[in-house]
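Contents: one structure, followed by commentary.
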Amino acid sequence: MSPSNISVIAIDGPSASGKGTVAQRVAETLGFHYLDSGALYRLLGLAAGKYGIALDEEVRLAELVGRIDIRFEGEDIWLDSIKVGDELRTEEAGAAASKVAALPLVRAALLDKQRDFCRAPGLVADGRDMASVVFPGAELKIFLTASAEVRAERRYKQLIGKGMGANIAALLQDIQARDERDMQRSVAPLQQAPGAILLDTTALNVEQAVSEVLLHYRAKK
Ligand code: C5P
């Protein structure tokens with residue numbers, strides 16, 4: 001469990017909702033640490049490919065979690081001493097992440113790695129089950145979402161901005177398929193946790209969404 005005297009803001013929500021950007025900005029504003037839990041699932045998907053483990057080999061994947069070395073340094077992410085680049089953000093890496101994330105042993109194996117991020121003065125944790133499973137005692141719980149169409153558009157701009165190819169219709173399909181898998185899985189499904197505040201950002205820009213989260217956080221103080 002996370003130490004109860006450390007402030008945790010849990011921000012959960014579906015793929016490409018913008019919660020990563022919002023969570024990072026909130027963390028910067030408050031001087032808090034930031035956990036990108038989706039990156040852990042994405043890294044495991046990449047590591048599985050590297051070690052020749054299929055994405056449904058639950059026991060081997062859970063063991064792999066204990067063996068791989070993952071380091072976050074600012075914007076940089078390292079897997080077994082090798083810096084991971086944009087391959088982590090591809091749709092393939094997202095799809096692989098969503099497959100390994102459906103496996104209960106994998107989720108259990110990643111729990112401590114996620115809780116290790118909870119350090120003073122505080123943490124903003126972004127994912128799907130931050131409020132429900134990983135940090136159930138979080139001081140503030142936000143469920144951040146947007147329409148699938150707006151999310152596809154945001155992901156499109158993000159990929160194009162990175163110089164990657166993208167097709168908006170394919171992205172929309174991919175997002176809907178991933179939502180479906182994330183919501184239907186039996187373990188830690190994507191859902192608004194009890195006590196979480198719904199923040200629909202369909203019509204909000206990043207600054208407005210960040211302000212909303214900060215307002216809710218300050219209201220708790
Ligand atoms: O947030 P991101 O798109 O990087 O997450 C990739 C995938 O990892 C999600 O589609 C989801 O299946 C999984 N995930 C999860 N629990 C988390 C974070 C991500 O199951 N806390």
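All figures in this text were calculated on a predicted structure; none of them were measured in a lab. Order of appearance sets the numbers: ligands from 1, and atoms from 1 within every ligand.
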Closest non-hydrogen protein atom to atom 19 (C) of ligand 1, residue and atom name please, with distance? G38 CA, 3.5 Å

Before accepting this row, confirm whether a basic side-chain N of the pair R128/D182 lies closer than 4.0 Å to the acidic partner's carboxylate O. yes

Numbered atoms and elements of ligand 1 in range of G127, under 4.0 angstrom, heavy atoms: 18 (C), 21 (N)

Atom 13 (C) of ligand 1 sits nearest the protein heavy atom A101 CB, 3.7 Å

Do the side chains of D126 and L144 get nearer than 4.5 Å, heavy atoms only? no

Once you restrict to heavy atoms under 4.0 Å, what part of K19 touches ligand 1? Side chain, backbone, both or neither. side chain

In the protein, what heavy atom is nearest to atom 18 (C) of ligand 1, and what distance, to one decimal place, separates them? S37 OG, 3.4 Å

Distance flag, aromatic centroids of F72 and F117, threshold under 6.0 Å: yes

Among R107, R178, R181, closest by any non-hydrogen atom to atom 16 (N) of ligand 1: R107

Which one of D179, T201, T202 satisfies the side-chain hydrogen bond (donor to acceptor under 3.5 Å, both in side chains) criterion with R151? D179

Do F143 and Q191 have side-chain heavy atoms sitting under 4.5 Å apart? no

Can you report which non-hydrogen protein atom sits closest to atom 1 (O) of ligand 1, along with the distance? R128 NH1, 3.0 Å

Return the residue, atom name and 0.1 Å-rounded distance of the protein heavy atom closest to atom 7 (C) of ligand 1. A97 CB, 3.7 Å

Validation row: V124, L35 side chains within 4.5 angstrom (heavy atoms): no

Are any of the N/O atoms in R155 less than 3.5 Å from those in ligand 1? no

Quick test of your reading of the model: are D129 and R107 salt-bridged, counting only N-O distances below 4.0 Å? yes

With a 4.0 Å heavy-atom cut-off (strictly under), which part of R42 contacts ligand 1: side chain, backbone, both or neither? side chain

Name the closest protein heavy atom to atom 12 (O) of ligand 1, giving the residue it belongs to and the distance to 0.1 Å. D182 OD1, 2.7 Å

Report yes if some heavy atom in the side chain of L159 is under 4.5 Å from a heavy atom in the side chain of R155; otherwise report no. yes

Please identify which atoms of ligand 1 are closer than 4.0 Å to at least one heavy atom of M130. 21 (N)

For R185, is at least one N or O under 3.5 Å away from an N or O on ligand 1? yes

So for K99, does at least one of its heavy atoms come nearer than 4.0 angstrom to any atom of ligand 1? no

Salt bridge present between D76 and R71 (N-O < 4.0 angstrom): no

